[in-house]
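All heavy atoms count here, side chains included; hydrogens, waters and symmetry mates do not. Note that ligands are numbered from 1 as they come in the structure, with each ligand's atoms numbered from 1 the same way.
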Amino acid sequence: MKKVITYGTFDLIHYGHLYLLKRARELGDYLIVGLSTDKFNKVKGKTCYMPFEKRKELLEGIKYVDLIIPEDSWEQKIDDIKNYEVSVFVMGDDWKNKFDYLKEYCEVIYLSRTPEISTTKIKEIIGKKF
Ligand code: C2G
């Protein structure tokens with residue numbers, strides 16, 4: 001079984017996230033998502049609308065996602081890749097080259113981001129209208 005892994009916050013989940021997850025899943029047979037915990041989001045400097053449990057529940061409803069694990073540090077990726085016997089690590093290309101050190105452990109693929117949509121943009125829209 002060819003396992004793929006990706007990581008993210010997935011706050012106010014939108015079709016940009018969905019297209020990433022779909023394309024990531026198509027690179028193998030099984031997709032693991034390392035979902036940033038609320039605590040790790042603080043480390044990343046991200047404030048979330050939705051707490052981890054809600055973001056996890058939404059991801060569980062997406063057919064491309066097979067397993068969700070908590071992401072609570074920058075350093076866990078190598079262990080995750082080894083422990084879950086991952087073949088492919090995938091991130092959007094806003095992270096291009098940032099995770100090339102993982103090439104020692106698995107294939108590293110950066111997929112194009114969906115340009116016109118972002119959680120920040122959604123927050124701006126929500127902020128303006130409601
Ligand atoms: N993404 C995308 N298109 C968008 C927005 C996001 O393809 N319009 C992708 C990102 O490139 C990323 C994934 O969706 O691969 C999740 O995005 P975020 O939740 O913003 O993830 P991020 O905060 O970048 O966390 O250790 C890695 C970090 O946890 C990544």
- request: Name the orientation class of the two ring planes belonging to Phe89 and Tyr7 (parallel below 30°, tilted from 30 to 60°, perpendicular beyond 60°).
  value: tilted
- prompt: Counting only N and O atoms by type, is there a donor-acceptor contact under 3.5 Å from the side chain of Gln76 to the main-chain atoms of Pro70?
  reply: yes
- prompt: Which of the atoms of ligand 1 are close to Gly8, meaning less than 4.0 Å from one of its heavy atoms?
  reply: 19 (O), 21 (O), 25 (O), 29 (O), 30 (C)
- line: atom 14 (O) of ligand 1 sits nearest the protein heavy atom His17 CD2, 3.6 Å
query: CG/Asp66 to CZ/Arg25 distance, rounded to the nearest 0.5 angstrom?
result: 5.0 Å
- request: Measure the distances from the heavy atoms of Glu116 to every atom of ligand 1 and state whether one is below 4.0 angstrom.
  value: no
field: Heavy-atom nearest neighbour of atom 22 (P) of ligand 1 within options Lys46, Lys77, Arg23, Lys96
entry: Lys46
- prompt: ligand 1 and Phe40, any nitrogen or oxygen pair closer than 3.5 angstrom?
  reply: no
message: Taking distance alone, with N or O pairs closer than 3.5 Å, would you say Trp95 contacts ligand 1?
response: yes
- request: Verify whether one side chain among Asp94 and Tyr110 offers a donor that lies under 3.5 Å from an acceptor in the other.
  value: no
field: For atom 25 (O) of ligand 1, closest protein heavy-atom neighbour
entry: Lys44 NZ, 3.0 Å
- request: Taking atom NZ of Lys44 as the centre, report whether more than 12 heavy atoms of other residues, nucleotides or ligands fall under 6.0 Å from it.
  value: yes
- prompt: Which part of Ile117 is near ligand 1, with near meaning a heavy atom under 4.0 Å away: side chain, backbone, both or neither?
  reply: both
message: Using a 3.5 Å cut-off on N or O atoms only, is His14 in polar contact with ligand 1?
response: no
- request: Taking only heavy atoms of Ser36 into account, list the atoms of ligand 1 that are under 4.0 Å away from them.
  value: 29 (O)
query: Would you say ligand 1 has an N or O under 3.5 Å from any N or O of Glu71?
result: yes
- prompt: atom 19 (O) of ligand 1: which protein heavy atom is closest, and how many Å away?
  reply: Phe10 N, 2.8 Å
- prompt: Backbone or side chain, does any N or O of Thr114 fall under 3.5 Å from an N or O of ligand 1?
  reply: yes
field: Nearest-contact summary for atom 6 (C) of ligand 1 - protein heavy atom, Å
entry: Arg113 NH1, 3.5 Å
- line: Checking heavy atoms under 4.0 Å, the part of Trp74 that sits near ligand 1 is side chain
- prompt: Hey, are Tyr15 and Glu116 close enough side-chain-wise for a donor-acceptor pair under 3.5 Å?
  reply: yes
message: Taking Val90's backbone N and O only, do any of them form a donor-acceptor pair with Thr6's side chain (distance below 3.5 Å, no angle check)?
response: yes
query: Purely on distance, is any nitrogen or oxygen of Pro115 under 3.5 Å from one on ligand 1?
result: no
message: Polar contacts were defined as any N/O atom of the residue lying under 3.5 Å from an N/O atom of the ligand; does this apply to Asp94 and ligand 1?
response: yes
task: Tell me yes or no: between the side chains of Asp80 and Asn83, is some donor less than 3.5 Å from an acceptor?
output: no
- prompt: Going through the checks in order, is the side-chain hydrogen bond (donor to acceptor under 3.5 Å, both in side chains) test met by Asn97 and Asp100?
  reply: CA-CA 5 Å; Asn97 303 128; Asp100 288 355; 2.9 Å; yes
- prompt: Side chains of Thr9 and Asn41: is there a donor and an acceptor less than 3.5 Å apart?
  reply: yes
Non-hydrogen side-chain atoms of Ile109 and Leu27 separated by less than 4.5 Å: yes
- prompt: What's the shortest distance from atom 9 (C) of ligand 1 to any protein heavy atom, and which residue and atom give it?
  reply: Leu20 CG, 3.9 Å
Heavy-atom nearest neighbour in the protein, as seen from atom 15 (O) of ligand 1, with distance rounded to 0.1 Å: Gly92 N, 2.9 Å
- request: Cation-pi check, Lys3 to Tyr84: give yes when NZ or CZ is under 6.0 Å from the six-membered ring centre and within 45° of the ring axis, no otherwise.
  value: no
